[in-house]
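Accompanying notes for the structure given below.
Quantities reported herein were computed from a predicted structural model and do not represent experimental measurements.
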Amino acid sequence: MTVTIIGIGLIGGSLGITLKENGFATRVIGVDASQENLHKAIRRRLIDEEMSLAEGVAVADVIVLATPVDAMLKLLPEILDRVNTYQTIVDVGSTKELMLNKIDGHANRNRFVACHPMAGTEFSGPEAALPELFAGKMCVIVDGEQSAPDALDTARRLFKSAGMNLSRLDRKAHDLHCAYVSHISHIASFALALTVLEKEKDEQRIFDLASSGFGSTVRLAKSSPDMWVPIFRQNRDHVLDVLDEHIEQLSKFRTLLIKRDFDGFYERIERANQIEKILK
Ligand code: NAP
């Protein structure tokens with residue numbers, strides 16, 4: 001298979017190296033807005049060669065769209081205009097509803113398979129790519145019944161070859177559940193980092209006193225705004241809903257502290273501990 005990856009950053013670059021190493025791809029072509037990223041990707045052997053968007057789409061069996069989700073809104077209809085019935089397009093974006101609404105009714109809609117590999121780190125760019133990033137993680141296929149059976153089969157084989165488990169959701173459910181389990185935790189982490197930066201002006205003290213607890217809760221705050229702002233823009237309503245609940249929870253802790261109600265505090269922490277039954 002010739003695989004063209006558009007957006008050769010953390011996720012695109014990790015897929016490039018993974019698909020080459022596991023034999024799914026015989027040739028990996030990179031397309032990117034950044035010439036520097038393409039050079040880095042070639043140096044790190046994430047891709048075999050670089051091409052323009054038009055060339056990369058024309059020669060590919062499989063096209064992987066791995067840019068931030070705002071760029072996908074523009075790129076996907078353009079790519080659908082160019083593909084033939086033997087080619088498959090998959091994406092890896094973190095939001096789906098807006099993009100899928102945009103291509104409803106397109107003549108080549110069924111060549112596209114909407115996918116969300118639920119794997120990543122807080123780092124971005126080709127220098128952050130990892131060959132084992134996807135192993136053992138979940139990949140959600142969204143509105144899969146709207147894809148041609150052979151395209152769906154290609155997408156499934158691609159992500160399975162990377163060691164992923166597969167599940168299915170429709171576009172609304174995908175964006176709602178991702179707001180609950182992924183997008184809110186990033187906002188909470190960004191807010192926590194800003195809180196500590198605001199209160200503790202001594203950077204050396206943050207470094208010296210931050211235990212692993214602080215490090216793990218603010219890890220996500222290192223994530224790139226180029227990737228996250230488009231996600232919050234596209235999933236605004238679901239994120240607002242869960243953010244209201246989060247503010248309510250913080251405010252309950254605040255009230256208990258003001259009242260010196262430490263029994264109430266104990267009870268709330270015990271309830272929070274129940275997350276351990278789900279995430280061991
Ligand atoms: P990333 O490391 O920043 O990589 C994105 C790459 O796309 C960059 O090289 C960027 O170049 C390039 N790019 C931007 N606009 C482009 C355009 N119009 N045409 C061609 N290339 C373009 O981001 P990432 O973390 O890999 O995320 C990529 C996608 O995966 C996003 O849609 C994200 O929602 C999804 N995703 C991410 C994670 C995660 O944890 N990171 C997990 C699952 C899914 P520049 O650097 O020059 O902008």
Exercise. Please write out which residues are connected to Ile258 in a hydrophobic cluster, directly or through intermediates, given that two of Ile, Leu, Val, Met, Phe, Trp, Tyr count as joined at side-chain heavy-atom separations below 4.5 angstrom.
Key: none
Quiz item: Hey, what else clusters with Val229 if you join Ile, Leu, Val, Met, Phe, Trp, Tyr whenever side-chain heavy atoms sit under 4.5 Å?
Solution: none
Quiz item: Going through the distances and angles, do Gln234 and Ser94 end up as a side chain to side chain contact (heavy atoms under 4.5 Å, CB included)?
Solution: CA-CA 10 Å; Gln234 290 194 17; Ser94 305; over 6 Å; no
Quiz item: Quick one: do the Asp150 and Tyr86 side chains pair a donor with an acceptor below 3.5 Å?
Solution: no
Quiz prompt | Glu49 atom CD, over 12 foreign heavy atoms within 6.0 Å | solution = yes
Quiz item: Between Ser216 and Gly213, is there a donor-acceptor pair closer than 3.5 Å when you use the side chain of the first and the backbone of the second?
Solution: yes
Practice problem: Please round to the nearest 0.5 Å and tell me the distance separating atom CZ of Arg268 and atom CG of Asp261. | Solution: 10.5 Å
Quiz prompt | From Val90, Ile79, Ile5, residue fulfilling side-chain contact (heavy atoms from CB on, under 4.5 Å) relative to Leu65 | solution = Ile79
Quiz item: Nearest heavy-atom pair of Ser224 and Ser124: which atoms, and what distance?
Solution: CB-OG, 3.7 Å
Practice problem: Spell out, as yes or no, whether a donor-acceptor pair under 3.5 Å connects the side chain of Glu198 to the backbone of Thr195. | Solution: no
Practice problem: Could you tell me which non-hydrogen atom of Ser185 sits nearest to which non-hydrogen atom of Val181, and how far apart they are? | Solution: OG-O, 3.6 Å
Quiz item: Are Tyr180 and Trp228 connected, step by step, through hydrophobic side chains (Ile, Leu, Val, Met, Phe, Trp, Tyr) whose heavy atoms are closer than 4.5 Å?
Solution: yes
Self-check item: Joint cluster assignment, Met51 & Val83, ILVMFWY side-chain distance < 4.5 Å
Solution: no
Quiz item: Going through the distances and angles, do Met227 and His186 end up as a side chain to side chain contact (heavy atoms under 4.5 Å, CB included)?
Solution: CA-CA 12 Å; Met227 187 197 127; His186 281 79; over 6 Å; no
Quiz item: Given the rule in the side chain to side chain contact (heavy atoms under 4.5 Å, CB included) test, do Cys178 and Met118 qualify, once you have shown the distances and angles that lead to the verdict?
Solution: CA-CA 10 Å; Cys178 285; Met118 307 286 296; 4.2 Å; yes
Quiz item: So, Arg82 and Glu78, do they make that salt bridge, N to O below 4.0 Å?
Solution: no
Self-check item: Residue Lys172 excluded, over 12 heavy atoms near NZ under 6.0 Å
Solution: no
Quiz item: Is the side chain of Gln87 donor-acceptor paired with the backbone N or O of Arg111 at a distance under 3.5 Å, no angle test?
Solution: no
Quiz prompt | Joint cluster assignment, Leu158 & Val92, ILVMFWY side-chain distance < 4.5 Å | solution = yes
Exercise. Would you kindly confirm whether Ile89 and Ile29 end up in one hydrophobic cluster when ILVMFWY residues are joined by side chain heavy atoms under 4.5 Å apart?
Key: no
Exercise. Please name the pair of heavy atoms, one in Ala25 and one in Val3, separated by the smallest distance, quoted to 0.1 Å.
Key: CB-CG2, 3.7 Å
Quiz item: Can you find a pair of side-chain heavy atoms, one from Leu38 and one from Ile8, that are under 4.5 Å apart?
Solution: yes
Self-check item: salt bridge (charged side-chain N to carboxylate O under 4.0 Å, His left out) contacts touching residues 176-194 (sequence neighbours left out)
Solution: none
Exercise. Give a yes or no answer on whether the side chain of Arg27 reaches the backbone of Thr2 with a donor-acceptor pair at less than 3.5 Å.
Key: no
Exercise. Output yes when Glu127 and Arg44 qualify as a salt bridge under the 4.0 Å nitrogen-oxygen rule, no when they do not.
Key: no
Quiz item: Under 3.5 Å, side chain of Lys102 to main-chain N/O of Pro77, donor-acceptor pair present?
Solution: no
Quiz prompt | Neighbour count >12 (heavy atoms, 6.0 Å) for atom NZ, Lys160 | solution = no
Quiz item: Under a 4.5 Å cut-off applied to non-hydrogen side-chain atoms, are Asn235 and His183 in contact?
Solution: yes
Quiz item: Would you call Arg109 and Asp143 a salt bridge, taking side-chain N to carboxylate O under 4.0 Å as the test?
Solution: no
Quiz item: With a cut-off of 6.0 Å (strictly less than), are more than 12 heavy atoms of other residues, nucleotides or ligands near CZ of Phe214?
Solution: yes
Quiz item: Quick one: are Leu166 and Arg156 in side-chain contact, heavy atoms under 4.5 Å?
Solution: yes
Practice problem: Decide yes or no for Leu10 and Phe123: does some side-chain heavy atom of the first lie under 4.5 Å from some side-chain heavy atom of the second? | Solution: no
Quiz item: Under the 4.5 Å side-chain heavy-atom rule for ILVMFWY, direct or indirect, which residues accompany Phe265?
Solution: Phe253, Leu256, Leu257, Phe262, Ile269
Practice problem: Quick one: pull up CE in Met72 and OG1 in Thr67 and give me the separation to the nearest 0.5 Å. | Solution: 4.5 Å
Exercise. List in chain and number order the residues that pass ring-ring contact (aromatic ring centres under 6.0 Å, His included) with Phe190, two or more places apart in sequence or in another chain; answer none if no residue qualifies.
Key: none
Quiz item: Is the CZ atom of Arg157 crowded by more than 12 outside heavy atoms at less than 6.0 Å?
Solution: yes
Quiz item: Taking Gln146 as the fixed residue, which of Ile103, Val113, Leu100, Asp104 is the one that meets the side-chain contact (heavy atoms from CB on, under 4.5 Å) rule?
Solution: Asp104
Quiz item: Taking all atoms of both residues into account, what is the closest heavy-atom pair of Gly93 and His116, and its distance?
Solution: O-CG, 3.5 Å
Quiz item: From Ile47 CD1 over to Ile42 CD1, what is the distance, rounded to the nearest 0.5 angstrom?
Solution: 4.5 Å
Quiz item: If you draw a 6.0 Å radius around CZ in Arg168, do more than 12 non-hydrogen atoms from other residues or ligands fall strictly inside?
Solution: yes
Quiz item: Are Leu250 and His246 close enough that some pair of their side-chain heavy atoms sits under 4.5 Å apart?
Solution: yes
Exercise. Please indicate whether Gln35 has more than 12 foreign heavy atoms, meaning atoms of other residues, nucleotides or ligands, lying under 6.0 Å from its CD.
Key: yes
Quiz item: Who are the side chain to side chain contact (heavy atoms under 4.5 Å, CB included) partners of Ser189, not counting sequence neighbours?
Solution: Val218, Leu220, Ala221
Quiz item: Got a second to check how far Ile63's CD1 is from Ile6's CD1, nearest 0.5 Å?
Solution: 6.5 Å
Quiz item: Are Asp153 and Thr88 side-chain neighbours, meaning at least one heavy-atom pair lies under 4.5 Å?
Solution: no
Quiz item: Do Thr4 and Val57 have side chains that get closer than 4.5 Å, going by heavy atoms?
Solution: no
Quiz item: Taking side chain as C-beta onward, heavy atoms only, is Ile187 less than 4.5 Å from Phe232?
Solution: yes
Quiz item: Can we say Arg171 and Asp175 salt-bridge, meaning some charged N sits less than 4.0 Å from an Asp/Glu carboxylate O?
Solution: no
Quiz item: How far apart are the closest heavy atoms of Phe112 and Met99, and which atoms are they?
Solution: CZ-CE, 3.7 Å
Quiz item: Hey, any chance Leu169 and Val242 share a hydrophobic cluster, counting ILVMFWY side chains that come within less than 4.5 Å of each other, even indirectly?
Solution: yes
Quiz item: How long is the span from the NE2 atom in His174 to the SG atom in Cys115, to the nearest 0.5 Å?
Solution: 10.0 Å
Exercise. Could you please spell out the steps behind the side chain to side chain contact (heavy atoms under 4.5 Å, CB included) verdict for Ser14 and Phe134?
Key: CA-CA 8 Å; Ser14 299; Phe134 306 102; 3.6 Å; yes
Self-check item: Over all atoms of both residues, closest heavy-atom pair of Asp91 and Phe159
Solution: O-CZ, 4.4 Å
Exercise. Drop me the distance from Thr18's OG1 to Leu133's CG, to the nearest 0.5 angstrom.
Key: 7.5 Å
